[in-house]
Amino acid sequence: PAPPGGRRRSRLRRFGCWGRRCAAQLVAASLIAAAVCLSRPWGGPAFACRGALAAPASGRPQPFAGLLEKSGRGVREPRRPDARAEAAKATGTAEQAQLSSVSQSSVNLVKNIVGAGMLSLPAGVAAFSGSPKALVPALSFTLLIGLLSAYGFVLIADACNRTGETTYQGAWQKTVGPGKILPSAACTAKAAIGCISYSMILGQCLTLILTPLAEQFGLPAALVSRSSAMLAVTVGVLLPLCCMKSLAPLAKFSVIGVLSNVYICGFVILRSFDGSYGRGGALAAAAPLKAKFLAHPGGAWTTMSDPGFAVLLSILATAFLAHYNAPLFYEQLAPGPDGKKDGRFLLVSIFGFSAAAALFGVVMAGGFMTFGKNCLGLILDNYAVTDLFATTARLAILVSLITAYPLVFFSLRKQFVMLTGSRGADLAANRPRLFTVVLLGIVTTIALNLRDLGRLAAFAGACFGSFLIYVAPALMVLCAQRKGVGARPTGRGSRIARAVQLALIPFGLGLGFIGAVQSLR
């Protein structure tokens with residue numbers, strides 16, 4: 001007879017093969033079911049059971065009609081698919097007509113801006129100094145770039161309001177003129193790279209979290225592989241969120257994402273004050289790198305003389321990037337009692353970018369004051385594996401990415417419709433769920449076959465991001481005023497605004513050049 005250990009290994013091997021087959025079949029069945037069910041109209045055969053009780057085909061009395069009448073709900077007649085389609089075209093569905101309030105838009109904007117990128121800010125400070133004095137210019141530039149990014153966000157809405165357009169490309173074409181391929185390429189590239197990067201990070205994070213559990217319970221490695229994790233989170237979580245037609249329902253999910261970011265900020269600040277990673281701290285020995293601080297003889301602002309300051313500038317240049325979604329935020333913002341959106345959109349921009357700048361500053365200061373010169377590119381990697389709060393923070397960034405994904409995907413879907421022309425527009429209008437499934441499948445397939453987007457994403461972010469945030473918004477408003485599109489402001493305030501808009505163009509070009517050089521090193 002075979003030894004007990006051999007029989008156990010044989011059973012585990014058979015269980016592993018069976019588990020891999022089941023996982024593959026489950027993923028395939030889920031994708032097929034999602035593609036078929038979501039592509040059907042709501043009045044189609046898949047949902048014919050809705051009218052089965054209301055009006056039997058035989059014409060006999062309905063068994064539960066009396067109960068329905070007593071409940072006050074009555075007996076509803078079945079709605080034919082063509083009648084539902086005509087009603088939807090005439091009045092629009094409730095989900096499409098739903099507009100976002102100032103609070104909902106502000107929360108969505110914060111979630112759109114804040115993502116995993118904030119975790120690289122402490123490394124940006126460590127790139128040019130190991131002294132706590134470096135936080136003075138670092139935090140000051142974070143606030144400055146946040147304000148300029150918010151102003152660019154408002155300028156895009158101003159251009160859309162002047163031209164009556166609802167897309168970045170349309171506003172560019174009516175103000176600057178021909179050549180809309182530039183904003184189209186920038187918006188599409190940033191949205192596509194964002195979705196692909198999010199999918200890759202989600203798959204990797206889930207694998208890191210689930211692998212220890214799989215080893216503990218003896219589960220097959222295929223069930224917790226990067227591909228399986230990415231497919232599972234795409235089908236089970238991202239697909240339902242991306243099928244929504246309005247930003248308003250996403251606000252509750254964005255609140256969860258914002259709370260996750262707040263937890264990360266609280267954790268980073270806690271560890272910077274409790275001394276767990278300091279000399280002789282309880283977790284210092286388990287950390288990958290020990291804290292390292294260097295003295296700086298000069299003042300705080302002299303730390304900027306180090307060439308490494310360009311690294312922080314390149315990170316901050318696109319840290320506040322959400323501008324490809326500015327027309328969508330403006331379009332889906334509910335107007336005020338006077339029917340205008342300008343003032344409400346200004347409030348959304350102030351609240352959103354201010355909250356994002358505050359979160360960035362907290363993570364930057366807390367992470368740097370904990371590890372100093374030894375901050376890694378992703379600050380969570382500095383914390384010990386045995387740190388329970390750090391593990392929770394890694395789960396929080398996972399939740400943050402999941403809630404941010406639909407906001408980026410909304411922009412990609414809109415850009416893709418414009419690129420594909422009338423055929424894409426017809427498919428998006430008649431079969432929106434099928435269109436979403438196909439586009440999400442393309443993004444996921446690319447993410448499954450890529451391992452490193454770092455240098456390409458950094459270069460594209462530096463070039464396209466600086467163009468979308470600073471250069472293009474200023475150009476659109478300046479050209480609109482020169483062509484007489486919309487009202488031309490007058491007075492001293494208008495002259496100051498024009499000077500700021502003119503300054504944004506070289507400022508954005510300079511940041512783009514610095515970021516491109518840093519990404520190619």
Side-chain angles (χ1 to χ4, degrees), residues 98 100-122 142 146 149-150 194-195 197-199 201-202 204-206 208-210 233-234 236-242 244 246-274 319-322 325 329 332-333 347-367 370 378-383 387-410:
Q98 187 175 3
S100 302
S101 64
V102 171
S103 59
Q104 289 174 328
S105 297
S106 299
V107 172
N108 283 331
L109 179 57
V110 174
K111 194 68 235 61
N112 199 170
I113 297 171
V114 180
M118 71 174 180
L119 301 177
S120 63
L121 291 172
T142 301
S149 300
C195 289
S197 301
Y198 280 9
S199 294
I201 296 173
L202 286 171
Q204 188 65 27
C205 288
L206 274 176
L208 292 175
I209 293 172
L210 296 177
V233 74
T234 300
V237 181
L238 298 181
L239 180 59
L241 293 177
C242 292
M244 294 182 178
S246 171
L247 291 177
L250 288 175
K252 53 181 175 292
F253 299 104
S254 295
V255 169
I256 299 174
V258 172
L259 291 177
S260 301
N261 292 324
V262 171
Y263 171 81
I264 294 172
C265 293
F267 160 72
V268 171
I269 288 295
L270 173 66
R271 288 296 183 239
S272 68
F273 280 103
D274 67 3
F320 294 91
L321 178 61
N325 263 343
F329 274 93
Q332 296 203 356
L333 178 65
L347 289 177
V348 169
S349 303
I350 293 174
F351 292 155
F353 282 89
S354 298
L359 293 173
F360 288 166
V362 168
V363 172
M364 177 191 292
T370 305
L378 193 69
I379 193 61
L380 290 182
D381 292 341
N382 278 99
Y383 298 95
D387 190 343
L388 181 60
F389 287 167
T391 302
T392 307
R394 294 183 181 99
L395 290 173
I397 199 63
L398 190 70
V399 174
S400 176
L401 290 176
I402 289 175
T403 54
Y405 192 100
L407 299 172
V408 184
F409 186 83
F410 269 36

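Just so it is clear, the model here is predicted, and its values are computed rather than measured.
How far OG of S100 is from CG of L109: 11.5 Å, rounded to the nearest 0.5 Å. Interatomic distance, L333 CG to N108 CG, rounded to the nearest 0.5 Å: 11.0 Å. We find the CZ-OG distance between F329 and S106 to be 9.0 Å, quoted to the nearest 0.5 Å. If you take SG on C242 and OH on Y405, they are separated by 6.0 Å, rounding to the nearest 0.5 Å.
Residues meeting the side chain to side chain contact (heavy atoms under 4.5 Å, CB included) test with L347, sequence neighbours left out: V102, F351. Judged as a side chain to side chain contact (heavy atoms under 4.5 Å, CB included), and not counting sequence neighbours, the contacts of V363 are M118, L119, P122, C265. By the side chain to side chain contact (heavy atoms under 4.5 Å, CB included) test, A319 pairs with F360, sequence neighbours left out.
Considering every non-hydrogen atom in both L241 and I402, the closest pair reads CD1-O, 4.0 Å. Between G366 and T370 the shortest heavy-atom distance is O-OG1, 2.7 Å. Closest of all the heavy-atom pairs between G367 and Y383 is CA-OH, 4.5 Å. Between K111 and V114, the closest heavy-atom pair is NZ-O, 2.7 Å.
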Inset, instruction - In sequence, state the C-alpha distance, the side-chain angles, and the governing distance for Y263 and I397, and then conclude on side chain to side chain contact (heavy atoms under 4.5 Å, CB included). - result: CA-CA 9 Å; Y263 171 81; I397 199 63; over 6 Å; no

Legend entry - Verdict with supporting geometry, T391 and D387, side chain to side chain contact (heavy atoms under 4.5 Å, CB included): CA-CA 6 Å; T391 302; D387 190 343; 6.0 Å; no

Inset, instruction - Applying side chain to side chain contact (heavy atoms under 4.5 Å, CB included), run through L321 and I113 and close with a yes or a no. - result: CA-CA 6 Å; L321 178 61; I113 297 171; over 6 Å; no

Legend entry - Evaluation steps, side chain to side chain contact (heavy atoms under 4.5 Å, CB included), between L206 and V233: CA-CA 9 Å; L206 274 176; V233 74; 3.8 Å; yes

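Remark: side-chain polar atoms of N112 are not paired, donor with acceptor, to backbone N or O of A404 under 3.5 angstrom. When atom types are taken as modelled, the side chain of S400 and the backbone of A396 share no donor-acceptor pair closer than 3.5 angstrom. Using modelled atom types, one side-chain atom of Q104 and one backbone atom of S101 make a donor-acceptor pair closer than 3.5 Å. In terms of modelled atom types and a separation under 3.5 Å, the side chain of R394 and the main chain of L380 share a donor-acceptor contact.
Within the 4.5 Å cutoff, the side chain of V408 has no heavy atoms near those of the N325 side chain. Two residues are said to be in side-chain contact when any heavy atoms from C-beta on lie closer than 4.5 Å; T142 and L121 fail this criterion. Taking the side chain as every heavy atom from C-beta outward, F267 and T392 never approach each other to under 4.5 Å. Looking at heavy atoms from C-beta onward, V399 lies in side-chain contact with I256 at the 4.5 angstrom threshold. Using a 4.5 Å cut-off on side-chain heavy atoms (C-beta onward), L238 and F409 make no contact.
Heavy-atom neighbours of F389 CZ from other residues, nucleotides or ligands within 6.0 Å: at or below the threshold of 12.
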